[in-house]
Amino acid sequence: MCGHRNIFHIKLFTLLTTDRTLLNNEITDTLHLFSISMRNSSMYQSGMFACFHRLCLAIQIAIFLSASTTFSFPTPKSEKNLDDSLLSYTTAEAGNPFVEGWYADPDTAIYEGQYWIYPTASDVYEKQTYLDAFSSPDLIHWTKHGNILTVASVKWATKAMWAPASVFRNGKYYLYFSANDIQEGEPEKGLIGGVGVAVADRPEGPYVDALGKPLIGEYHNGAQPIDQDVFIDDDGQAYIYYGGHGFANVAKLNEDMITLGKMADGSTFKSITPESYVEGPQMLKRNGIYYFMWSEGGWGLPNYAVSYAMADNPLGPFQRRAKILEQDSAVAKSSGHNGVLNVPGTDIYYIFYHRRALSDTARDHRALAYDRMYFNDDGSIAPVRMRVHDNFADGNMLGWTTAGGQWAVRDQHLAVATRAGTGLAVLDTNFADVVFDATVAVPDASAGSGSAGLIFRATRTESVFRGYYVGISTSGVLSLQAFSGPQLELSSVSAPTAQLDQGSAEYRISVAAIGDRIEVYVGDMEVPKLAVSDRTFVSGMTGVVGIDVDAWFGDVVVERPQHSLTTTPLPTLPLSLDSSVLANASQQATLIVHVVTTPTPMQRPPHRIASHHIVVLIRHHGAVGRAVK
């Protein structure tokens with residue numbers, strides 16, 4: 001309706017030629033974004049995607065030949081492996097949180113072609129008397145399955161049902177959970193609690209208690225019996241990892257999955273506590289390496305985080321390697337207690353976790369999120385970036401707060417009706433240096449004299465918003481202004497305006513704000529349409545706004561620039577492409593490759609660094625898409 005499918009958001013990527021992990025990730029993300037943008041286009045069927053894929057591989061080879069440091073590339077993924085059906089996302093593309101409600105401690109599973117999440121209901125202990133689950137065919141559209149297990153089915157449980165862990169075996173679905181928050185010394189007094197196990201015939205339950213008592217109901221090696229994770233190794237041996245209060249244990253599960261086995265030395269529980277361990281263990285095996293992950297810090301504090309260890313067997317020892325997930329002062333806090341999901345048949349991994357919104361101080365307001373998890377060439381895990389994307393493909397606007405106007409999600413766009421007045425929708429972010437882009441659609445001048453666009457570095461005191469606004473008027477004028485107040489009392493920041501081509505119903509606006517430098521790009525982003533130096537607003541929220549007009553917004557991406565700015569001249573990069581790559585291009589499109597070897601204006605994101613800049617543009621029917629990560 002808004003011409004969204006005719007404006008392509010193609011990846012421009014900046015690569016340090018000695019950084020293999022960054023290169024591999026950027027190539028993968030580039031192809032994925034192209035796949036998404038083209039999935040409903042005739043260009044996809046015409047072979048344009050295959051051509052672009054070969055172009056990216058040619059770029060890989062050119063960088064390899066020009067680099068002074070020798071390194072290798074992984075085996076390129078086939079086009080089939082880059083298809084959307086394999087879910088090669090960089091984050092929750094339809095936005096985090098990805099489901100509604102307060103939840104924590106997500107565990108993951110794949111059953112019957114569906115992706116499953118089993119979380120804790122985040123509330124006061126006395127109200128944690130049930131467990132829900134969520135299923136999805138694509139990690140975008142989620143179905144809630146309520147009350148899959150309740151205290152009514154577990155006679156010994158009364159409260160604090162936590163951290164479910166699901167596994168399928170023997171034709172049954174087993175759900176491990178902890179209940180009652182048992183404390184040290186309480187079992188000796190006759191109090192009951194700990195790790196239990198329930199069983200069902202379906203992944204959504206209903207589950208019933210399998211034992212009538214806890215599977216693990218006492219402290220061993222100092223570990224509180226909570227936060228269990230179940231892992232079945234390639235040889236069929238099942239293990240249960242668990243532990244709170246700063247200690248972790250592992251035990252073997254017998255074939256029946258409801259009784260514990262013995263270690264080689266005759267013991268039942270083996271202590272595996274690594275440095276800084278607090279709770280929330282998770283076991284993952286990849287390429288023969290066992291990854292033991294856990295949470296550290298305080299679960300009610302901003303410093304909650306995830307760290308990991310690597311070992312050559314499931315019993316350890318596990319020596320702490322690094323922290324891989326922690327709060328981001330621009331995105332979210334209290335990020336921890338994770339699960340990991342591997343897309344079958346691929347090396348695509350996602351880390352699922354809970355976190356709190358930056359401005360929310362309520363202890364139990366935890367929400368579910370996921371982001372891509374990458375591995376380095378040596379098998380170690382790269383730090384996870386909490387990203388801010390929302391393409392509204394799930395039909396909702398979770399995480400957005402509105403003020404004024406009537407807001408709704410329609411046709412994968414966030415729509416606002418503000419024919420008279422102002423409507424704002426903001427994300428609870430706090431970016432200073434920021435790269436922010438989205439599509440904006442406004443009607444022509446016959447609909448009135450309003451405008452719509454993006455707000456950034458915005459703060460709110462009661463009902464008053466203050467920040468920067470870059471908008472497009474119904475007459476096609478692009479402006480960059482400051483605003484203050486519920487009615488957006490606009491004032492100039494000494495930036496010129498620009499007249500845009502009104503032939504397009506939808507524009508992609510990209511803002512790069514670094515320090516006091518603000519640049520605004522539209523469409524092709526060859527050069528900024530607007531540029532200004534201003535320090536009126538330093539940091540704050542990001543969002544969208546409509547003023548006296550109905551408007552549509554889509555494909556929101558907000559990120560922190562990944563590299564500092566420098567004026568160091570860039571080295572010359574000889575780039576040679578096989579002519580057959582371009583010869584196979586569809587006549588509907590022209591591929592253009594620019595190799596920038598001198599400092600350039602800020603791009604999205606601004607990577608003016610001493611490295612090779614590779615710009616890939618796709619022109620289609622006069623519209624140009626260009627972006628950077």
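Model, not experiment: these values are computed from the prediction.
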Let me see the working for Tyr304 and His337 under ring-ring contact (aromatic ring centres under 6.0 Å, His included), right down to the final yes or no. CA-CA 8 Å; Tyr304 203 50; His337 202 132; 7.2 Å; no
Ignoring hydrogens, what is the shortest heavy-atom contact between [X] and [Y]? Give both atom names and the distance.
{"X": "Ala311", "Y": "Gly316", "result": "CB-CA, 4.1 Å"}
{"X": "Asp233", "Y": "Pro314", "result": "OD2-CG, 3.9 Å"}
{"X": "Lys323", "Y": "Ser307", "result": "CA-OG, 3.3 Å"}
{"X": "Thr429", "Y": "Val388", "result": "CG2-CG2, 4.4 Å"}
{"X": "Lys333", "Y": "Ala357", "result": "CE-O, 3.2 Å"}
{"X": "Val435", "Y": "Pro561", "result": "CG2-CG, 3.9 Å"}

In terms of relative ring orientation, are Trp116 and Tyr118 parallel, tilted or perpendicular, with 30° and 60° separating the classes? parallel
Mind telling me whether Trp400 and Phe392 have parallel, tilted or perpendicular rings, with 30° and 60° as the class edges? tilted
For Ile240 and Val195, run side chain to side chain contact (heavy atoms under 4.5 Å, CB included): C-alpha distance rounded to whole Å, both residues' side-chain angles, the deciding distance at 0.1 Å, then the answer. CA-CA 10 Å; Ile240 183 168; Val195 175; 4.1 Å; yes
Report yes if some heavy atom in the side chain of [X] is under 4.5 Å from a heavy atom in the side chain of [Y]; otherwise report no.
{"X": "Phe168", "Y": "Ile232", "answer": "no"}
{"X": "Leu315", "Y": "Ile272", "answer": "no"}
{"X": "Phe375", "Y": "Ile381", "answer": "yes"}
{"X": "Phe456", "Y": "Val558", "answer": "no"}
{"X": "Met386", "Y": "Asn96", "answer": "no"}
{"X": "Pro97", "Y": "Tyr103", "answer": "no"}
{"X": "Pro164", "Y": "Thr120", "answer": "yes"}

Donor-acceptor contact present, side-chain [X] to main-chain [Y], <3.5 Å:
{"X": "Ser136", "Y": "His141", "answer": "yes"}
{"X": "Glu559", "Y": "Arg387", "answer": "no"}
{"X": "Ser334", "Y": "Leu301", "answer": "yes"}
{"X": "Gln237", "Y": "Leu253", "answer": "yes"}
{"X": "Thr273", "Y": "Ala248", "answer": "yes"}
{"X": "Asp138", "Y": "Ile140", "answer": "yes"}
{"X": "Asn287", "Y": "Ile289", "answer": "no"}
{"X": "Asn221", "Y": "Ala223", "answer": "no"}

Point-to-point distance, once rounded to the nearest 0.5 Å, from [atom1] of [X] to [atom2] of [Y]:
{"X": "Phe177", "Y": "Asp107", "atom1": "CZ", "atom2": "CG", "answer": "14.0 Å"}
{"X": "Ser166", "Y": "Tyr174", "atom1": "OG", "atom2": "OH", "answer": "11.5 Å"}
{"X": "Asp105", "Y": "Trp299", "atom1": "CG", "atom2": "CH2", "answer": "9.0 Å"}
{"X": "Arg457", "Y": "Asp433", "atom1": "CZ", "atom2": "CG", "answer": "6.0 Å"}
{"X": "Tyr242", "Y": "Asp227", "atom1": "OH", "atom2": "CG", "answer": "12.0 Å"}
{"X": "Tyr277", "Y": "His245", "atom1": "OH", "atom2": "NE2", "answer": "11.0 Å"}

With respect to [X], which candidate in [options] satisfies the side chain to side chain contact (heavy atoms under 4.5 Å, CB included) definition?
{"X": "Phe98", "options": "Asp394, Leu398, Thr91, Leu368", "result": "Leu368"}
{"X": "Pro106", "options": "Ile351, Ile117, Val99", "result": "Ile117"}
{"X": "Tyr291", "options": "Leu284, Ile324, Val340", "result": "Leu284"}
{"X": "Ser335", "options": "Arg366, Arg356, Arg355, His354", "result": "Arg355"}

Does the side-chain hydrogen bond (donor to acceptor under 3.5 Å, both in side chains) test come out yes or no for Thr439 and Asp555, once each step is laid out? CA-CA 6 Å; Thr439 61; Asp555 207 11; over 6 Å; no
Just do the side chain to side chain contact (heavy atoms under 4.5 Å, CB included) check on Ile348 and Arg372 with the steps written out, would you? CA-CA 8 Å; Ile348 297 170; Arg372 185 74 167 264; 3.6 Å; yes
Steps toward side-chain hydrogen bond (donor to acceptor under 3.5 Å, both in side chains) verdict (Lys285, Tyr290): CA-CA 5 Å; Lys285 186 178 184 181; Tyr290 296 85; 3.0 Å; yes
So, Phe436 versus Phe431, ring centres under 6.0 angstrom or not? no
Between Tyr89 and Tyr370 (judged by ring centroids, cut-off 6.0 Å), do the two rings come close enough to count as a pair? no
Charged N to carboxylate O under 4.0 angstrom, Asp265 versus Lys270? no
Could you walk me through whether Glu279 and Trp162 pass the side chain to side chain contact (heavy atoms under 4.5 Å, CB included) check? CA-CA 12 Å; Glu279 61 190 17; Trp162 294 341; over 6 Å; no
Only counting residues at least two apart or in another chain, list the ones meeting ring-ring contact (aromatic ring centres under 6.0 Å, His included) with His365. Trp102
Trace of the side chain to side chain contact (heavy atoms under 4.5 Å, CB included) decision for Phe231 with Phe292: CA-CA 11 Å; Phe231 166 73; Phe292 184 61; over 6 Å; no
